Amino acid sequence: MPSPDNKIIFAGPVGAGKTTAIAAISDIEPVRTDAAASDMTLQRKGETTVALDYGLLRLDQDCKVHLYGTPGQERFDFMWEIVSRGGIGLVLLLDNTRPNPVKDLQFFLKAFQPLLRQAPLVIGVSKTDLKREPDVESYALLLARFGMRPPVFEVDCRRREDVKQLVLALLYSLDPGLEA
C-alpha cells in the first residue's frame, strides 16, 4: 500500500512532455520553473524547465502523490539527484521525434541509475503519432537486453488518462495488490 505521501519523478529529454504530463494530471495548478530557451533547445520549444516542475495528485482522502519533473537539459543534471531524493519511482518520458530516442533511453537509464536501484521504472513514449519508430515493442526488447522489464506505453502527455496510466503502472509495480 502506498504511504500517505508519495513522490514520483518525471524525467526525460527536452520536449518529451514532462511539464505537460504533470499539468495534465495534477489536482493543483503546477509549479513551474520555466525560462526562455536558448541554444539547441530553442529549436524544439520556446521555454524550458530549469529547476523542476511540481504537481499533486490525490488518490483518495488520505493518499496523495507528489509529482516532480526534472529539467531535460544535461546542463541542469545537478537537479536530477536533488529532485530524485525520496522518490518512490521514475516515469521516463521519451520523445520519439528526437534524432535518437534509443540513445536518450540509454542516457537517462544511466543518469537515474541511483534511483532505479531502489525504485521501479515506467516508460512513456510520446509523439508516436508523428514518428512511429521505434515502437513500444522495440523499446521493450532493448530494455530486456539490459535485464529490465518495465511497463512501456505510447502516451499523449496532454491527456490525463494517458498520464494516469503511467502513474498507476508505477504504483502497481510497487504494490500489485492495489485497486484502481
Side-chain angles (χ1 to χ4, degrees), residues 5-57 64-127 139 143 148 150-153 155-158 160 162-167 169-171 173-174:
D5 289 298
N6 305 281
K7 180 179 180 182
I8 293 177
I9 312 305
F10 284 72
V14 170
K18 301 172 298 289
T19 300
T20 302
I22 289 172
I25 198 168
S26 181
D27 291 328
I28 64 168
E29 183 65 32
V31 175
R32 297 179 177 153
T33 59
D34 291 341
S38 60
D39 59 36
M40 293 171 36
T41 303
L42 193 54
Q43 297 169 10
R44 296 198 71 79
K45 59 188 210 168
E47 290 187 324
T48 190
T49 302
V50 295
L52 61 88
D53 294 315
Y54 172 77
L56 180 71
L57 176 63
K64 56 189 168 187
V65 178
H66 300 273
L67 311 166
Y68 285 85
T70 63
Q73 293 183 60
E74 192 174 350
R75 66 183 169 143
F76 298 117
D77 66 350
F78 64 93
M79 288 300 300
W80 300 348
E81 181 185 341
I82 294 167
V83 173
S84 293
R85 287 185 196 138
I88 63 167
L90 178 68
V91 174
L92 178 56
L93 295 175
L94 299 169
D95 175 351
N96 233 33
T97 65
R98 284 178 51 92
N100 193 341
V102 169
K103 186 176 178 182
D104 291 338
L105 169 65
Q106 293 169 321
F107 174 82
F108 281 94
L109 289 177
K110 184 176 180 182
F112 284 86
Q113 191 174 23
L115 175 62
L116 294 175
R117 280 192 206 112
Q118 62 191 21
L121 168 69
V122 172
I123 296 177
V125 183
S126 65
K127 303 180 186 173
Y139 287 109
L143 288 157
M148 302 176 79
V152 182
F153 300 97
V155 294
D156 180 336
C157 294
R158 300 167 294 189
R160 181 178 176 87
D162 285 12
V163 181
K164 182 178 175 182
Q165 181 180 34
L166 293 170
V167 170
L170 191 65
L171 294 174
S173 295
L174 289 163

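Computed from a predicted structure; not experimentally measured.
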So CG of L171 and NZ of K164: to nearest 0.5 Å the spacing works out to 11.5 Å

Donor-acceptor pairs under 3.5 angstrom involving side-chain atoms of residues 77-86: please list them, not counting sequence neighbours.
from	atom 1	to	atom 2	distance (Å)
W80	NE1	P71	O	2.8
S84	OG	W80	O	2.7

Looking only at heavy atoms, the pair that brings S126 and C157 closest together is CB-SG, 4.1 Å

In this structure, CD1 of I25 is separated from CD1 of I8 (nearest 0.5 Å) by 8.5 Å

The reported gap from CZ in F10 to CG in D53 (rounded to nearest 0.5 angstrom) is 10.0 Å

So does V125 get a backbone contact from the side chain of N96, meaning a donor-acceptor N/O pair under 3.5 Å? no

Taken to the nearest 0.5 Å, the spacing of T70 OG1 from L90 CG works out to 8.0 Å

Please check this pair: side chain of K7 against backbone of Y68, looking for a donor-acceptor N/O pair closer than 3.5 Å.
no

By side chain to side chain contact (heavy atoms under 4.5 Å, CB included), D104 pairs with (sequence neighbours left out) P13, L94, R98

Sequence neighbours excluded, the answer for side chain to side chain contact (heavy atoms under 4.5 Å, CB included) partners of K103 is N100

dist L166:CG -> L92:CG (nearest 0.5 Å) comes out at 10.5 Å

Using distance only, find each side-chain donor-acceptor pair of residues 105-123 under 3.5 Å and give its atom names and separation, not counting sequence neighbours.
none

Between the NZ atom in K18 and the CG atom in L67, the distance rounded to the nearest 0.5 Å is 14.5 Å

So side-chain hydrogen bond (donor to acceptor under 3.5 Å, both in side chains) across residues 20-31, not counting sequence neighbours, yields D27-R160

So H66 and L56, do their side chains get closer than 4.5 Å, heavy atoms only? yes

